[in-house]
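As structure tokens, the structure follows; a few thoughts come after it.
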Amino acid sequence: MARSAIVVGGGLSGIAAAAALTDGGYRVSLIERREFLGGRATSFRERQTGQLLDNCQHVLLGCCTELLGLYRRLGVGDRIEFFDTIHFADERGRRGDLYACRLPSPFHLAPAMLGFGLLTMAQKGEIARGMAAMKVLGDEGREAVADWTFGEWLGERGQSAQTIERFWEVILVSALNARVDEIGANYGMQVFQEAFLGDRGGYRMALPRVPLAELYERAVAEEVLFNRRVTGLVVDRRGGRARVSGVELADGSRMEADEVVLATAPDSARRILGEEPMFEPIRGAIGRLRYAPIIGAHLFYDRQVMDVPHLALMGTTLQWLFRKDAAGMHIHGVISAAHDLAEVEVQALQERFEAEIETLLPRAAGAKVQRCVIVKEKRATYCPGPGIDRIRPDQRTGIEGLTLAGDYTRTGWPATMEGAVRGGNRAARVILESGSGAHRA
């Protein structure tokens, strides 16, 4: 008889773990406390119209190999649209584009960077020197400075404050939801090594053609349970040893399985672990993580205002703008690491965003915003600070029957969709390679 597994949490990590375990012959039950899969990268129904809106626009790059593999596994690869050109705009509305030429990596982006009009030649020279230093360091070299901040490393490499603000931070705040002085140097470098200095297609940006929740409709598991909240783990102490043998649900019922994968967000994982002493090392590790907010704003105009699919922004409060419909009337703005704005009233945020958009998108001048929906995720991701991997727990817990998944576990990637999928895949491999799960310590 096939072995059974319960995956708690229907985010990307849980979906990846469930798919991999199913492919490995397990009977999998995937439990999600909400009505949609996707976790923090999903959608919700707007109360006023019932329209399905993404909580925030999530971007992936060509270097996100395991995430793209999961989309193919779910049969939704055709719902992802790639862009060979990344469009930028500055606070004055001036435009610039980044695209590859036929040169091999790492020179494929050089001509576009040379012609990029939003940076000075001096800034471009600094960036080139920084990129060259990262290329020479490679993977091992970046790990040697994991206890530095990326800001410290940039300063040592002669990067000026303005170059940091208008290039390095523009990329990293969006990618990692943290400022360069908060990010561990190893993870700051990894973004550029993977996206800009690796495979020629690593920089290519991709966006879903459909609401995020629709990407996960084909999640692979024997059963998917929605609107079911797990409140704790079942610990079996028979035979003189303790093992996790199932989960407790909010309605008082229990579900049992040979394996339990805890694939929720870290806060939820800590709650589910409860006060059981043997879980204290995991709870303690999770408790040391710091978090950062993300704000997403959906603005619906009465006419077309945006003529490109996206804009990465420099020198503005908003960091990205996305065209969410073919007509260019539904615009989505995103602000990562939004510590200073998390407590600002929604109306004040809307007024600020509308004013910026009028500068960035000339067609918005005189256009009317028919409605605005603002989403604040105050604990959107953890901050990948210096030495963070000494805090992040491994997928192997040393507790029989229990495996962890999630972007906060040791995945080799920071808090991204790719990191989440890697966490789920690693959790599945732990189980599949150990068989019974009895030898994980």
Side-chain angles (χ1 to χ4, degrees), residues 34-59 79 81 83 87 89 91 93 95 173-174 177 205 207-217 226-227 292-313 315-381:
R34 291 178 285 195
E35 64 175 314
F36 295 118
L37 296 178
R40 287 162 286 166
T42 192
S43 312
F44 65 95
R45 291 203 181 276
E46 184 192 1
R47 291 181 182 178
Q48 181 179 343
T49 65
Q51 182 177 353
L52 201 59
L53 300 178
D54 293 338
N55 56 354
C56 182
Q57 181 65 66
H58 289 263
V59 176
R79 299 183 184 182
E81 182 177 7
F83 299 93
H87 304 288
E91 66 274 23
R95 300 285 182 91
V173 169
S174 298
N177 195 26
M205 192 181 83
L207 300 172
R209 301 176 190 269
V210 298
L212 286 165
E214 294 184 11
L215 294 176
Y216 319 125
E217 292 174 341
F226 293 97
N227 299 310
I294 295 177
I295 295 176
H298 293 269
L299 295 96
F300 298 84
Y301 287 85
D302 64 351
R303 68 193 71 174
Q304 183 188 43
V305 297
M306 191 165 178
D307 60 351
V308 290
H310 62 267
L311 281 174
L313 305 176
T316 57
T317 301
L318 290 163
Q319 295 155 357
W320 281 91
L321 287 179
F322 299 94
R323 186 180 63 197
K324 297 294 286 183
D325 62 355
M329 298 166 66
H330 175 190
I331 308 303
H332 184 49
V334 178
I335 307 171
S336 298
H339 299 279
D340 296 339
L341 299 175
E343 304 302 329
V344 175
E345 294 293 331
V346 167
Q347 184 60 40
L349 288 175
Q350 178 178 341
E351 292 172 359
R352 185 168 182 171
F353 298 160
E354 286 186 44
E356 280 199 348
I357 290 172
E358 285 192 15
T359 299
L360 296 164
L361 305 176
R363 295 183 184 183
K368 181 181 179 181
V369 176
Q370 296 179 316
R371 72 182 193 277
C372 178
V373 180
I374 292 180
V375 179
K376 296 180 181 180
E377 296 185 86
K378 294 187 178 180
R379 294 168 72 83
T381 66

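Remember, predicted model here, so these are calculated numbers, not experimental data. Computed from heavy atoms alone, side chains included, the values below leave out hydrogens, waters and symmetry copies.
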Separation of F322 CZ from M306 CE (nearest 0.5 Å): 8.0 Å

side-chain contact (heavy atoms from CB on, under 4.5 Å) partner of F44, the single match among L212, L52, V373: V373

Closest non-hydrogen atom pair between N227 and E35, with its separation: OD1-N, 3.4 Å

Identified side-chain contact (heavy atoms from CB on, under 4.5 Å) partner of I331 from the options F300, F353, Y301: Y301

Salt bridge present between K324 and D54 (N-O < 4.0 angstrom): yes

Residues R363 and Q304: side-chain donor-acceptor under 3.5 angstrom: yes

Considering all heavy atoms, the nearest F36-A213 contact: CD2-CB, 3.8 Å

Verdict with reasoning, C372 to H298, per side-chain contact (heavy atoms from CB on, under 4.5 Å): CA-CA 6 Å; C372 178; H298 293 269; over 6 Å; no

Under 3.5 Å side-chain donor-acceptor pair for E46 and T49: yes

Minimum heavy-atom distance W320-M205, with the two atoms named: CH2-SD, 3.5 Å

Least distance between heavy atoms, R95 atom then A89 atom: CD-CB, 4.0 Å

Flag if over 12 foreign heavy atoms under 6.0 Å of CG, D340: no

Geometric class of the F83/H310 ring pair [parallel <30°, tilted 30-60°, perpendicular >60°]: perpendicular

Student check: side-chain heavy atoms of I295 and K376 closer than 4.5 Å: yes

Side-chain donor-acceptor pair present, E356, T317, cut-off under 3.5 Å: yes

Heavy-atom check, side chain of I294 versus side chain of V334, under 4.5 Å: yes

side-chain contact (heavy atoms from CB on, under 4.5 Å) between V375 and E377, intermediate numbers included: CA-CA 6 Å; V375 179; E377 296 185 86; 4.3 Å; yes

Electrostatic pair K378:E343 at N-O distance under 4.0 angstrom: yes

Closest approach of A364 to I357 (non-hydrogen atoms, all atoms of both residues): CB-CG2, 3.9 Å

Whether over 12 other heavy atoms sit under 6.0 Å from R34 CZ: yes

Heavy-atom closest pair, residues N55 and R40: ND2-O, 2.8 Å

